[in-house]
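We name chains A, B, ... by the order of the sequence lines, and we start the count at 1 in each one.
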Number of protein chains: 2
Amino acid sequence: MSKKPAETQKSAIPDDPELQAQRFGRVREAHQTETAEDYVELIADLIEAQGEARVVDLSSRFGVSHATVNKVIARLNREGLVSNRKYRSLFLTDEGRELAVRCKERHLIVFNFLRSIGVPEEIAEIDAEGVEHHVSEETLKIFQAYISKHKK
Amino acid sequence: MSKKPAETQKSAIPDDPELQAQRFGRVREAHQTETAEDYVELIADLIEAQGEARVVDLSSRFGVSHATVNKVIARLNREGLVSNRKYRSLFLTDEGRELAVRCKERHLIVFNFLRSIGVPEEIAEIDAEGVEHHVSEETLKIFQAYISKHKK
DNA sequence: CACAAATTTTAGCCATGGCAACAAATTTGA
DNA sequence: TCAAATTTGTTGCCATGGCTAAAATTTGTG
Ligand SMILES: [Mn+2]
Ligand SMILES: [Mn+2]
Ligand SMILES: [Mn+2]
Ligand SMILES: [Mn+2]
């Protein structure tokens with residue numbers, strides 16, 4: 001029953017269970033940090049562009065209710081990424097600011113890479129927003145190298 | 001306070017709020033379907049490789065408890081992707097099988113693309129597992145074209 | 001100032017996907 | 001055969017991130 005023709009199977013046989021589990025574990029980890037990453041990135045952008053970041057802005061730019069934003073902000077505060085006082089605009093802690101910088105760099109590399117292989121701008125914007133959280137440092141370096149090599 | 005030097009800012013000004021909201025909405029949509037995609041894909045692989053897919057296998061390969069697997073399977077059943085009878089191994093519905101095929105194709109394209117730009121095998125395996133869910137059809141076509149052009 | 005509008009917070013609800021612990025069924029093997 | 005081991009299912013807990021509705025605060029206007 002498990003005697004397949006010894007041909008080189010497409011892939012059929014999933015790899016070692018533990019290896020596979022590690023990979024899925026990595027994806028779950030990424031999901032854990034994803035919200036935090038997008039929030040600090042957008043907060044940093046808003047502060048830079050408008051001088052301050054308000055719940056209303058996050059709400060409209062993320063496309064979620066302000067109640068949701070509040071709940072997430074509470075978590076980020078608890079985790080030391082955001083510092084906020086009641087009814088006042090939002091600030092990043094040092095840690096939050098550092099994370100934002102790293103995320104913006106990464107986001108831009110993913111976006112530029114997609115553009116450089118020919119993905120249309122708006123599509124690249126959409127894909128980058130999700131892909132960024134799942135690209136390893138190694139792959140990021142390769143993206144960066146590719147961009148450098150292919151820019152005029 | 002909001003008077004920046006009129007230089008060409010890196011990106012600073014986030015784009016139109018509604019556009020941005022659409023992008024994040026897309027990412028949230030992808031997260032909705034992500035679990036289903038990985039499950040049907042793995043179930044299909046297991047059936048192909050071992051003749052059947054059991055809760056135990058999913059549990060060990062995803063690296064989560066069997067209780068979690070059970071809960072997800074219940075949802076996939078409710079959504080018409082998986083058909084299962086108590087204490088029996090798992091099956092895909094026609095719809096589930098179709099989804100699995102599409103997901104495997106997409107997964108493979110993402111993986112092969114990463115390999116073709118020089119990402120090491122295991123890194124490519126890890127990244128592909130997350131990236132696959134956030135790559136648009138358009139980008140996928142570009143990936144595919146790139147692979148075709150660069151295969152020896 | 002006073003009051004209306006906008007913003008923020010809170011409360012309470014839901015679905016998903018994690019977990020441990022216990023219960024039930026099936027399979028294995030002595 | 002039948003007891004032990006394995007597998008599967010169930011229950012109840014938690015955190016996250018969605019929502020609506022209502023309350024509290026700040027802001028802006030007359
Ligand atoms: Mn993102
Ligand atoms: Mn981003
Ligand atoms: Mn995946
Ligand atoms: Mn996959």
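Among the candidates B:Glu132, B:Glu98, B:Glu48, the single residue satisfying the salt bridge (charged side-chain N to carboxylate O under 4.0 Å, His left out) test with B:Lys104 is B:Glu48.
Going from atom CD of B:Gln32 over to atom C1' of D:dG18 covers 9 Å, rounded to whole Å. Rounded to whole Å, the distance from CG on A:Leu58 to C1' on D:dG17 is 15 Å. Straight-line distance from the CD atom of B:Glu29 to the P atom of D:dG18: 13 Å, rounded to whole Å. In this structure, A:His31 atom NE2 and D:dG18 atom P are separated by 12 Å, rounded to whole Å. At whole-Å resolution of the value, NE2 in A:His66 and C1' in D:dA22 are 10 Å apart.
The six-membered or imidazole ring of A:His134 lies near that of A:His31, with a centre-to-centre distance under 6.0 Å.
Close to D:dC19, at under 4.0 Å from its OP1 or OP2, lies a side-chain N or O of A:Thr68. Look at B:Arg54 and you won't find any side-chain N or O under 4.0 angstrom from OP1 or OP2 of D:dT7.
Which of D:dA22, D:dG17, D:dC19 sits closest to the side chain of A:Val72 comes down to D:dG17.
One finds no salt bridge joining B:Arg102 and B:Glu37 here, because no Lys/Arg side-chain nitrogen approaches an Asp/Glu carboxylate oxygen to under 4.0 Å. A salt bridge is absent between B:Arg61 and B:Asp45: the closest approach of a Lys/Arg side-chain nitrogen to an acidic carboxylate oxygen does not fall below 4.0 angstrom.
By the 4.5 Å heavy-atom criterion applied to side chains, A:Tyr146 and A:Ile117 are counted as neighbours. Side-chain atoms of B:Ile73 and B:Tyr39, non-hydrogen and from C-beta on, do get closer than 4.5 Å to each other. The closest side-chain heavy-atom distance from A:Phe62 to A:Val72 is not below 4.5 Å.
Looking at residues 76-93 of chain A, you'll see A:Arg78, A:Tyr87 sit with a heavy atom under 4.0 Å from some atom of DNA chain D.
With a heavy-atom cut-off of 4.0 Å to chain A, the contacted part of DNA chain C has its first and last nucleotide at C:dT7 to C:dG18.
Heavy atoms of other residues, nucleotides or ligands lying less than 6.0 angstrom from CZ of A:Arg26 number 12 at most.
Residues A:Ala100 and A:Ala44 share a closest heavy-atom pair of CB-CB, 3.8 Å.
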